[in-house]
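Notes to accompany the following structure.
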Amino acid sequence: MNPPKTTNELMQRCQALAGLTLGQLARQLGAAVPANLKKDKGWAGQLIEQALGASSASKAEPDFPHLGIELKTLPIDQHGKPLESTYVCVAPLTGLTQQRWQDSWVCQKLSHVLWLPLLAERSIPVAERVIGTGFLWQPDAREMQLLQQDWEELMDLITLGGIDQIRGAHGQVLQLRPKAANSRALTSAYGTSGQPIKALPRGFYLKTAFTQQVLRKVFC
DNA sequence: ATTTGATCATGT
DNA sequence: ACATGATCAAAT
């Protein structure tokens, strides 16, 4: 699929997907549907990227560079409640330490998101899971402030060497969790005295309560 | 090893 | 029941 040239074109393609099951979409694209997502956790997201013409899979860029839009699927239950926290990006444990919030990876990624809800209760077979109505979102002033607050708190802990004290429970809307192949993976970080150490790579995630509010604003 | 896409599955 | 911590696959 070629990349959409305009936001309008992107949203039209998105509309065309609403109501389809993953099985129907996979058949259109000639893709096989896995029996479960245990070993294909990103399958649905990548299928939808392909359907919409996202051009930068596996690159550190927005999904639609020309439009500056990031695509995120959002697994929900039948009541519209997010089933999972939403992965945003990896956390820089070294390097860009004096970064301002406005320049941060998190802020840039979240500044323009195309959310695509996906009815994905685990009791529903993968092929029968239904694609919802996608919508464009930009954080309002209140949401932006909550995100910035949590980001600054977490970045302080990282730069002050508190990486191994950070747990998922930190932060109101944004949390820091492991993001690695397994718990033995290591990357560079700062220790409690500022010395270089090796630590488990982390990523930023949006908590479900936050994404639920985003959905409510749009559908209520 | 990193960054993309996330969901799994156990502990609380 | 739910969130936290752990994990899987592909591309680079």
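Lettering of chains follows the sequences in order, A, B, ..., and the numbering in each one begins at 1.
Rounded to whole angstrom, the span from the CG atom of A:Leu206 across to the P atom of B:dT7 amounts to 13 Å. The CD-P distance, from A:Gln50 to C:dA11, rounds to 12 Å in whole Å. A:Glu49 places its CD atom 11 Å from the C1' atom of B:dA6, with the value rounded to the nearest Å. Atom pair A:Gln46:CD and C:dA9:C1' shows a separation of 8 Å (rounding to whole Å applied).
For A:Cys89 and A:Pro75, each mapped to the nucleotide of DNA chain B holding its nearest heavy atom, the one lying further toward the 5' end belongs to A:Cys89.
Contact between the side-chain N/O atoms of A:Thr73 and the OP1/OP2 oxygens of B:dG5 is not found at any separation under 4.0 Å. The side chain of A:Tyr87 contributes an N or O atom lying less than 4.0 Å from OP1 or OP2 of B:dT4.
Placement of A:Ile76 and A:Ile124 in two distinct hydrophobic clusters is found when ILVMFWY residues are connected by side-chain heavy-atom separations under 4.5 Å, directly or transitively. There is a path of hydrophobic side-chain contacts, each under 4.5 Å, that joins A:Ile131 to A:Val126. Connection of A:Leu157 to A:Val173 is established within a shared hydrophobic cluster, with ILVMFWY side chains joined at heavy-atom distances below 4.5 Å, either directly or through further cluster members.
For DNA chain C, none of the residues of residues 106-137 of chain A falls under the heavy-atom distance limit of 4.0 Å.
Using a 4.0 Å heavy-atom cutoff across all strands shown, A:Glu70 reaches sugar-phosphate atoms only and no base atom.
Side-chain contact of A:Glu152 with A:Gln148: a donor-acceptor pair under 3.5 Å is present, judged by distance alone. Donor-acceptor pairing under 3.5 Å is lacking for the side chains of A:Gln102 and A:Arg100.
A donor-acceptor pair is defined here as one N or O able to donate and one able to accept, closer than 3.5 Å; no such pair exists between the side chain of A:Gln50 and the backbone of A:Leu47. With A:Asp63 contributing its side chain and A:Ala54 its backbone, the two residues share no donor-acceptor pair below 3.5 Å.
A:Ile48 and A:Leu25 get closest at one heavy-atom pair: CG1-CD2, 4.2 Å.
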**OP:** Starting at the 5' end of nucleotides 1-8 of chain C, put B wherever the base has a protein heavy atom under 4.0 Å, S where only the sugar-phosphate does, and a dash everywhere else.
**Re:** -SSBBBBB

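Qualifying side-chain hydrogen bond (donor to acceptor under 3.5 Å, both in side chains) partners for A:Lys198, counting only residues two or more places apart in sequence or in other chains: A:Ser188.
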